[in-house]
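Contents: one structure, followed by commentary.
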Protein chains: 2
Amino acid sequence: MRSPILNIQPSNCHNCRMSALCLPLALDSSSLDRLDKVIERGRPIHKNKYIFHGGDPFRAVYAIRSGAVKSFCISDDGSEQVTGFYLPGEIFGWDGIDNNTHSNTATTLETTALCEIPFARFEEISRTMPILQKHFMRLMAKELTSDQELIGLLAKSSAEERVASLLLSLSSRLKRQHLSATQFRLPMSRADIGNYLGLTVETVSRVFSRFQSFDLILCDKKEIEIINLNGLSALAHKPKV
Amino acid sequence: MRSPILNIQPSNCHNCRMSALCLPLALDSSSLDRLDKVIERGRPIHKNKYIFHGGDPFRAVYAIRSGAVKSFCISDDGSEQVTGFYLPGEIFGWDGIDNNTHSNTATTLETTALCEIPFARFEEISRTMPILQKHFMRLMAKELTSDQELIGLLAKSSAEERVASLLLSLSSRLKRQHLSATQFRLPMSRADIGNYLGLTVETVSRVFSRFQSFDLILCDKKEIEIINLNGLSALAHKPKV
DNA sequence: CGTATGTTTGACCGTCGTCAATTGTAGTGG
DNA sequence: CCACTACAATTGACGACGGTCAAACATACG
């Protein structure tokens with residue numbers, strides 16, 4: 001039984017150290033208060049719990065205070081397709097906006113604390129706060145560009161490039177949180193990584209081994225240390241042709 | 001030099017037969033008028049012309065009245081990655097919302113007529129028309145889910161499944177426009193298809209040949225006729241494992 | 001008519017998926 | 001605490017799918 005990890009449970013957006021990430025806004029104090037009142041701060045959720053299921057009615061989007069989340073959808077044939085990994089300060093759940101129904105399922109990869117932003121109430125207050133509306137469209141657009149990066153990755157890259165790119169993405173996103181960019185713990189399994197990157201578990205495992213033999217990373221199960229960041233970047237952006 | 005292709009040039013949204021697709025909204029007549037006034041209806045553009053470049057400042061999103069458009073981004077190594085094909089009634093250009101800069105480049109695949117929706121003015125009027133704001137968020141969410149379908153396709157499918165899925169996607173989108181779902185002309189080259197689907201030109205060409213030998217389609221260069229729609233669907237959704 | 005570009009087809013080979021076996025890890029209950 | 005089981009990760013052998021290289025052909029454009 002863990003853990004005092006989350007003793008810094010924020011009571012509002014003002015004192016949440018993540019707000020610089022999920023609300024990079026110039027909101028005056030009273031506007032922030034109004035936004036603050038609609039946000040529901042949940043207690044930490046255990047690993048492998050569902051946040052919403054595909055088909056659920058769309059109620060809210062979610063910001064991560066701590067922990068990690070994966071989202072995936074079920075394709076026609078019943079197989080999973082991981083569509084994203086989300087880290088603290090990031091927002092997920094947009095997929096429900098059209099049709100008012102979630103197309104994805106979201107689960108926790110480890111103990112996770114969320115802020116729930118009920119969409120109906122958000123829409124109300126955003127009517128009087130245009131900046132908030134624009135901000136949310138920008139967040140959605142960010143999600144779009146990150147999806148497109150993934151598309152580029154899947155369409156063109158080799159297994160090594162894909163894994164290198166994922167590691168670098170995680171690294172830079174952790175850095176944004178003022179955490180180490182070179183030493184971290186992967187919240188997801190090899191199978192999740194493979195599914196996300198369009199590779200099999202075996203291939204992912206082999207690539208990790210190869211990266212170690214090249215002295216690019218050290219890795220003990222889920223603990224990662226990036227030793228040669230430049231080398232990894234070179235691999236990730238390796239020109240094809 | 002004008003082409004008489006588009007003699008049904010609509011003068012406003014009221015009489016545009018595409019409005020049911022790009023504006024599936026319950027707008028009263030006066031609201032539609034206000035929206036109508038900000039939309040700039042351009043003259044037809046020739047094939048292979050740029051609509052915007054990656055890096056351009058974000059000014060507007062675009063609805064297609066006729067023709068076809070592809071969008072692509074340039075990756076670090078200078079290579080193109082096609083991110084989408086757009087047909088009449090569809091809207092593109094969202095990629096510019098975050099950073100106020102387009103990350104993609106968009107070009108016409110054939111002679112194309114566009115409606116330009118200046119984003120700044122759109123934001124103004126959407127403040128007093130919440131339904132419009134929600135509608136645009138839904139359009140962005142649609143783009144998100146379609147990107148995620150592509151991700152699923154790229155991550156898991158074989159060459160045949162990818163090509164079959166693209167053909168079916170085009171087919172159903174043409175059907176939405178009340179055009180034939182089984183006989184149409186591909187607006188894009190084999191190279192574009194390959195780039196989009198993460199395949200080489202040669203593989204795309206081979207798959208087309210194979211589909212013909214299986215009597216799934218008839219195809220003369222860019223003219224396509226789907227003979228066995230069910231068979232094609234079966235191929236597209238072929239369960240892996 | 002000549003050149004550039006797009007498409008098709010063939011032969012070959014490398015990467016990654018498949019199948020299989022082994023080891024390591026985590027969670028459960030005795 | 002250890003035994004037991006279920007699951008995660010690693011490693012090897014093999015083969016298929018699709019990429020690469022090359023050549024032939026068709027089409028578009030000046």
Side-chain angles (χ1 to χ4, degrees), chain A residues 1-3 46-49 70 79-82 107 109-111 153-164 166 185-213 217-224 235 238-241, chain B residues 1 46-49 70 79-80 82 107 109-111 153-164 166 185-214 217-224 235 238-241:
Chain A
M1 267 293 339
R2 299 262 163 285
S3 85
H46 284 106
K47 185 176 174 176
N48 288 327
K49 299 295 174 197
K70 78 166 171 179
S79 61
E80 279 188 19
Q81 171 58 43
V82 175
T107 65
L109 291 166
E110 50 191 34
T111 304
L153 207 60
L154 295 176
K156 296 206 299 229
S157 306
S158 67
E160 290 189 354
E161 294 172 74
R162 296 184 199 186
V163 175
L166 176 63
R185 180 184 161 80
L186 295 174
M188 72 294 280
S189 70
R190 299 283 191 273
D192 284 333
I193 294 177
N195 188 311
Y196 179 67
L197 296 178
L199 302 169
T200 57
V201 202
E202 294 93 326
T203 301
V204 173
S205 181
R206 275 185 254 269
V207 171
F208 273 99
S209 302
R210 230 174 298 155
F211 281 0
Q212 284 197 88
S213 72
I217 64 172
L218 279 180
C219 121
D220 176 34
K221 50 175 190 157
K222 302 206 164 175
E223 297 295 335
I224 296 282
L235 256 186
K238 184 169 54 188
K240 201 66 171 289
V241 155
Chain B
M1 285 231 50
H46 283 106
K47 184 176 173 176
N48 288 326
K49 298 296 174 197
K70 78 166 172 180
S79 61
E80 278 188 20
V82 174
T107 66
L109 290 167
E110 50 193 33
T111 305
L153 208 60
L154 295 175
K156 295 206 299 231
S157 307
S158 68
E160 291 189 354
E161 294 172 74
R162 295 184 200 188
V163 175
L166 176 63
R185 181 184 159 80
L186 295 174
M188 72 295 279
S189 69
R190 300 283 190 274
D192 284 333
I193 295 177
N195 188 312
Y196 179 67
L197 295 177
L199 301 169
T200 57
V201 201
E202 294 93 326
T203 300
V204 174
S205 181
R206 274 185 256 268
V207 171
F208 273 100
S209 301
R210 230 175 299 156
F211 281 0
Q212 285 197 88
S213 72
F214 296 165
I217 64 172
L218 279 181
C219 120
D220 175 34
K221 50 176 192 155
K222 303 206 163 175
E223 297 296 334
I224 296 282
L235 257 185
K238 186 170 54 190
K240 202 65 171 286
V241 154

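Order of the sequence lines sets the chain letters (A, B, ...), proteins ahead of strands, with each chain counted from 1.
Between A:L197 atom CG and C:dG17 atom C1' the separation is 15 Å, expressed in whole Å. For the pair B:K221 NZ and D:dT27 P, the computed distance is 7 Å after rounding to whole Å. Nucleotide C:dT25 holds its C1' atom 10 Å from the NZ atom of A:K222, rounded to whole Å. Rounded to an integer number of Å, the gap from B:R162 CZ to D:dG18 P is 8 Å. Note: CD1 (B:I193) to C1' (C:dT7) measures 12 Å, nearest angstrom. Rounded to a whole Å, the CG atom of A:L186 is 13 Å from the C1' atom of D:dA9. One interatomic measurement links the two molecules: CG of A:L154 to P of D:dG19, which rounds to 14 Å at whole-angstrom precision. In this structure, A:L199 places its CG atom 15 Å from C1' of D:dG18, rounding to the nearest Å.
Within 4.0 Å of A:G194, counting heavy atoms only, lies no atom of the nucleic acid at all. A:K47 comes within contact range of no nucleotide atom at all, as no heavy-atom separation falls under 4.0 Å. If you check every strand for non-hydrogen atoms under 4.0 Å, B:S205 touches a base.
Checked against D:dT10, C:dC16, D:dG18, the side chain of A:S209 finds its nearest nucleotide in D:dT10.
Remark: the A:R210 side chain and the C:dT15 base include no donor-acceptor N/O pair separated by less than 3.5 Å. For B:R206 against D:dT20, a side-chain N or O and a base N or O form a donor-acceptor pair under 3.5 Å. You'll find a donor-acceptor pair under 3.5 Å spanning the side chain of B:E202 and the base of D:dC21, going by distance alone.
By the neighbour-count criterion of 12 heavy atoms within 6.0 Å, atom NZ of A:K49 is sparsely surrounded, having that number or fewer from other residues, nucleotides or ligands.
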Checking salt bridge (charged side-chain N to carboxylate O under 4.0 Å, His left out) for the pair B:E223/B:R185: CA distance, chi angles, key distance, verdict? CA-CA 4 Å; B:E223 297 296 334; B:R185 181 184 159 80; 3.5 Å; yes
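Between A:D220 and B:R190, the residue whose closest nucleotide on DNA chain C is further toward the 5' end is B:R190.
Under the 3.5 Å distance criterion, the side-chain polar atoms of A:S205 are left unmatched by any main-chain donor or acceptor of A:E202. The backbone N or O of A:K221 sits less than 3.5 Å from a side-chain atom of A:R190, completing a donor-acceptor pair.
For the side-chain hydrogen bond (donor to acceptor under 3.5 Å, both in side chains) test with B:K70, the passing option among B:N195, B:T107, B:D192 is B:D192; the others fail.
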